[in-house]
Novice: 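Could you have a look at this structure, given as structure tokens, before my questions?
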Amino acid sequence: MEPVLSELLSIRQKIIDSLQRAAVRAQKSGKLPQVPLSRVSVERPQKPEHGDYATSFPLKLARAAGLKPLAIAEIITGLIPGNPDIANIAVAPPGFINFTFSNEWLTHQVDNILSAGDTYGNIELGKGKRVQIEFVSVNPTGPLHVGHGRGAILGSALASVLNIAGFAVEKEYYINDTGNQIGAFSRSLFARYQQSLGIDAEMPTEGYFGNYMIELAKEIKDEKGDSFINLPQPEAESQVGKIGLAKMISRIKQDLELLGVNFDVWFSEKSLYDNGQYSKVMSMLNKGGHLTDKESATWFVSTALGEDKDNVVVRSDGSATYFATDIAYHYNKFVERKFEQVIDIWGADHQGHVSRMKAVVNAIGIDPEMLEVIISQMVTLRRGGELVRLSKRSGDIITLREVMDEVGVDACRFFFLARSADSQMDFDMELAKKESQDNPVYYVQYAYARIASILRLAKERKISFYNGDVSLLATEPELSLIRKMLILPEIVELAANTLEPHHLTYYAQDIATAFHSFYKQCRVVSDDEPLCKARLKLVASAKLVLAKTLRLMGMTTPETM
RNA sequence: GUCCCUGUAGCUCAGCUGGACAGAGCAGCUGCCUUCUAAGCAGCGGGUCGAGCGUUCGAAUCGCUCCAGGGACGCCA
């Protein structure tokens, strides 16, 4: 599908170009001294009276040029040729130039949005660049909790944004299916399995004590009977562990699907050993002089790359650390699969891992800039103000599943998405439920449902509006709504550039506000047939914009509420 | 001790690639349902943007120093 070039982004570029050319022309004619011209940028003014776009270019130029900013603004403005799309170009103190779209251009965008349809909001920022985004990647040794939910929602929304921003995105879940914790998991599960058969088995001290392990063991007992107790213990642990692991993974998959999160690839850590890539990258690092042996273990010499300490990659017992397989994994991403950009979303507890991972990426000859790590900060779960522990190893936790069941998937997604990954968040379930009446989630969806209701009525009355004349849209609420709808491509651009999908939630509320206000002030289905048709076009285009935004956030679009 | 994140209205948070009098939701207070959904609209009140210094024509935004909260510093992942 070929993305439709955004009219908004192209008119923005035209404004920038016209400013640039006017400045050059001013210099040629001697009105402006020959000083280096910085790159012109335009921004969106906060106040509507300052127009649709504004530049502070004259202010930036003033010092070097030795002229008053206002004078420069006047000179440049005088040299910008007329454009029917721009109704007004105004100079404002202390030296801004403000541009206001013409109503003709604005209203025409309604038709543009309608013809773009589902592709409205798509931009060509990524130019097909191959991006891998890896997130969640929770050890399959326990159920997902709310912190994982946050990462999952962040990752899936970011992937959607990057996708419509023109990147070739691949979503991946890295399954830690080998190593220490899997061993502990298997031993714990086998102990629980024996217990479920009435055998007095002892849980390993490093084991997983959550109730889900007891249920899991019982499930295996019910399905497979007592056949495993006759095997030698290591064999039995391994087999029971394998079954348990598969069950855990499928449970995680189900929870994520319920949350509206899915992956293109489920990548097995174990496969890195099976296909030899782990040994390959280790010998590569060794050849590069990045490894050293001391205290009978093998270390990655990160101090040589500016880190404050070295890190073990192979333990004295010969087993690989988590860091070591992560090196192989990133080698696989960059070298074997040739991703041009890799985004990892990790929890706050992995924050110390970032710089050594970048160092190692550098050591295997990859520009560390190609690896982008987003740290999603902690979620503190509360219930009526009381703190709920999140530790996976100790007993009972509130799972993501329970939270989803209690507050609803849409609300979950919106709440988690509404905060930037950088800030810790308190998630009080009682509050989330209590506030659900006056929730921003419903506010946005309600706007959508109202739109659907209008279009239903129009259909009932058999009003066809394909030939509506959008130039009849002239009142303030109508034009404000159009202006808000136009921003979507810029929001997509912003979210993709900063990797911050939380902007979407604020945009969604903005557009809902503009619509609710329009709805209150402008009757759509009426006897004034030409106006009715024009407004139906506006409403239909608003539906597209709202649907697109909600879908990007992974939320549902209810036709009625 | 070192490193990372955060500190903006009573509460939860946007804004932070410097720009025009600091924003939203919730909570509080006023009004508005004979017409497409009042889960809505219109309005009011509420902030020394943690503190200080600096850079700049201009700082919530950049730099430095403090203070406070959270997290990380394992041959765990």
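In what follows, every chain begins at residue 1, and chains take the letters A, B, ... in the order their sequences are listed.
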Novice: Which of these nucleotides, B:rC5, B:rC4, B:rC75, is closest to any side-chain atom of A:Gln351?
Specialist: B:rC4

Novice: Which nucleotide wins on minimum distance to the side chain of A:Thr321, given the candidates B:rG40, B:rA77, B:rG71?
Specialist: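 Between B:rG40, B:rA77, B:rG71, the one nearest the side chain of A:Thr321 would be B:rA77.
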
Novice: Among the nucleotides B:rA20, B:rC41, B:rC75, which one has an atom lying closest to any side-chain atom of A:Val312?
Specialist: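 Side chain of A:Val312 sits closest to B:rC75.
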
Novice: Does NZ or CZ of A:Arg150 lie under 6.0 Å from the centre of the six-membered ring of A:Phe416, at an angle within 45° of the ring axis?
Specialist: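 Geometry flag: not set, cation outside 6.0 Å or 45°.
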
Novice: I want to verify a distance call: between B:rA77, B:rC75, B:rU35, whose nearest atom is closest to the A:Arg523 side chain?
Specialist: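 Per side-chain heavy atoms of A:Arg523, the pick is B:rU35.
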
Novice: Do A:Glu74 and A:Thr77 meet the criterion of a side-chain donor-acceptor pair at a distance under 3.5 Å?
Specialist: no

Novice: Go ahead and name the base partner of B:rU65; Watson-Crick or wobble counts if both distances stay under 3.5 Å, otherwise write none.
Specialist: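 Pairing partner, where one exists within any strand: B:rA51.
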
Novice: With the threshold set at under 4.0 Å for non-hydrogen atoms, list the residues of residues 526-544 of chain A touching RNA chain B in residue-number order.
Specialist: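 Of all residues in residues 526-544 of chain A, none places a heavy atom under 4.0 Å from RNA chain B.
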
Novice: Judged by modelled atom types alone, do A:Ser268 and A:Tyr174 share a side-chain donor-acceptor pair under 3.5 Å?
Specialist: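 The answer is no; no qualifying pair exists.
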
Novice: Could you work out which one of B:rA24, B:rC21, B:rU6 sits closest to the side chain of A:Gln509?
Specialist: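 Given the options B:rA24, B:rC21, B:rU6, the side chain of A:Gln509 is closest to B:rA24.
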
Novice: For A:Glu134, is there an ion pair with A:Lys333 - N to carboxylate O distance below 4.0 angstrom?
Specialist: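 So A:Lys333 pairs with A:Glu134 through a salt bridge.
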
Novice: Any base atoms under 4.0 Å from A:Ser423, or only sugar-phosphate, or nothing? Heavy atoms, all strands.
Specialist: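 If one applies the 4.0 Å heavy-atom cut-off, A:Ser423 turns out to touch the sugar-phosphate alone, with no base involved.
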
Novice: If the cut-off is 4.0 Å, is A:Arg315 near the phosphate of B:rC76, judged by side-chain N/O to OP1 or OP2?
Specialist: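 Affirmative; the distance criterion is met.
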
Novice: Around atom CG of A:Asp317, are there more than 12 heavy atoms of other residues, nucleotides or ligands at under 6.0 Å?
Specialist: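 Buried by this count: over 12 neighbours within 6.0 Å.
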
Novice: Classify A:Asp326 by what it touches in the nucleic acid, base, sugar-phosphate, or nothing, heavy-atom distance under 4.0 Å.
Specialist: nothing

Novice: Determine the contact category for A:Ala92: base if any of its heavy atoms lies under 4.0 Å from a base atom, sugar-phosphate if only primed atoms, P, OP1 or OP2 are that close, otherwise nothing.
Specialist: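 Since a base atom lies under 4.0 Å of A:Ala92, the category is base.
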
Novice: What is the nucleic acid contact for A:Ser517, judged by heavy atoms within less than 4.0 Å: base, sugar-phosphate only, or nothing?
Specialist: sugar-phosphate

Novice: Using the side-chain heavy atoms of A:His502, tell me which of these nucleotides is nearest: B:rG15, B:rC5, B:rA77.
Specialist: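 Of the options given, the side chain of A:His502 lies nearest B:rG15.
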
Novice: Do you see a donor-acceptor pair shorter than 3.5 Å between the side chains of A:Asp422 and A:Gln377?
Specialist: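 The criterion, which ignores hydrogens and geometry beyond distance, is not satisfied for A:Gln377 and A:Asp422.
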
Novice: Of all the nucleotides listed (B:rA77, B:rG19, B:rA14), which has the minimum atom distance to the side chain of A:Ser420?
Specialist: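 Ranking B:rA77, B:rG19, B:rA14 by closest atom to the A:Ser420 side chain puts B:rA14 first.
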
Novice: Please classify the nucleic acid contact of A:Arg356 as base, sugar-phosphate, or nothing, using heavy-atom distances under 4.0 Å.
Specialist: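 The answer is base, as A:Arg356 lies within the cut-off (heavy atoms under 4.0 Å) of a base atom.
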
Novice: Mind checking who B:rC44 pairs with, Watson-Crick or G-U wobble, both distances under 3.5 Å?
Specialist: B:rG28

Novice: Between B:rC75, B:rC36, B:rC13, which one does the side chain of A:Arg419 approach most closely?
Specialist: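 Of the candidates, B:rC13 comes closest.
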
Novice: Does A:Gln377 make a side-chain donor-acceptor contact with the base of B:rG71, cut-off 3.5 Å?
Specialist: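 There is none.
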
Novice: Which part of the nucleic acid, if any, lies within contact of A:Gln46, taking any heavy atom under 4.0 Å across all strands shown: a base, the sugar-phosphate backbone alone, or nothing?
Specialist: sugar-phosphate

Novice: What contact category does A:Tyr443 fall into here, base, sugar-phosphate, or nothing, at under 4.0 angstrom with non-hydrogen atoms?
Specialist: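 A:Tyr443: backbone/sugar contact only, no base atoms under 4.0 Å.
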
Novice: Counting the atoms with a prime plus P, OP1 and OP2 as sugar-phosphate, which does A:Glu269 contact under 4.0 Å by heavy atoms, base, sugar-phosphate, or nothing?
Specialist: nothing

Novice: Does B:rC16 fall in syn (glycosidic angle within 90° of 0) or anti?
Specialist: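 The base of B:rC16 is oriented anti (glycosidic angle more than 90° from 0).
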
Novice: Would you say the side chains of A:Tyr329 and A:Glu172 form a donor-acceptor pair under 3.5 Å?
Specialist: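 The answer is yes; a qualifying pair exists.
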
Novice: Please check if atom CD in A:Glu369 has more than 12 non-hydrogen atoms from other residues, nucleotides or ligands closer than 6.0 Å.
Specialist: no

Novice: Considering only side-chain heavy atoms of A:Ala348, which listed nucleotide, B:rU6, B:rG71, B:rA39, is closest?
Specialist: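 My answer, after comparing the listed nucleotides, is B:rG71.
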
Novice: Under 4.0 Å, heavy atoms only, any strand: does A:His503 hit a base, just the sugar-phosphate, or nothing?
Specialist: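 A:His503: backbone/sugar contact only, no base atoms under 4.0 Å.
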
Novice: Is NZ or CZ of A:Arg44 both nearer than 6.0 Å to the six-membered ring centre of A:Tyr53 and within 45° of the ring axis?
Specialist: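 Because its charged atom sits under 6.0 Å from the ring centre and within 45° of the axis, A:Arg44 does stack over A:Tyr53.
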
Novice: Phosphate oxygens OP1/OP2 of B:rA77: is one of them under 4.0 Å from a side-chain N or O of A:Asn180?
Specialist: yes

Novice: So, A:Glu559 and A:Lys543, do they make that salt bridge, N to O below 4.0 Å?
Specialist: yes

Novice: By a strict heavy-atom criterion of less than 4.0 Å, which residues belonging to residues 58-73 of chain A are in contact with RNA chain B?
Specialist: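 Within residues 58-73 of chain A, the residues near RNA chain B are A:Leu59, A:Lys60, A:Arg63.
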
Novice: Counting distance alone, no hydrogens or angles: does the base of B:rA20 have a donor or acceptor under 3.5 Å from a partner atom on the side chain of A:Asn98?
Specialist: yes

Novice: So that I can tick it off, tell me whether A:Asp310 and A:Lys294 are bridged by a salt bridge, with the cut-off set at under 4.0 angstrom between side-chain N and carboxylate O.
Specialist: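 Here A:Lys294 pairs with A:Asp310 in a salt bridge, since their nearest N and O are under 4.0 Å apart.
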
Novice: Do A:Phe263 and A:Phe135 have ring centroids that are under 6.0 Å from one another?
Specialist: yes

Novice: Taking any heavy-atom pair under 4.0 Å as a contact, classify A:His50: base, sugar-phosphate, or nothing.
Specialist: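 Since a base atom lies under 4.0 Å of A:His50, the category is base.
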
Novice: Contact class for A:Ala54 vs. all strands (heavy atom < 4.0 Å): base, sugar-phosphate, or nothing?
Specialist: base

Novice: Is any side-chain N or O of A:Lys47 closer than 4.0 Å to OP1 or OP2 of B:rG23?
Specialist: yes

Novice: Remember a base hit wins even if backbone is also touched, and classify A:Phe323 as base, sugar-phosphate or nothing at under 4.0 Å, heavy atoms.
Specialist: nothing

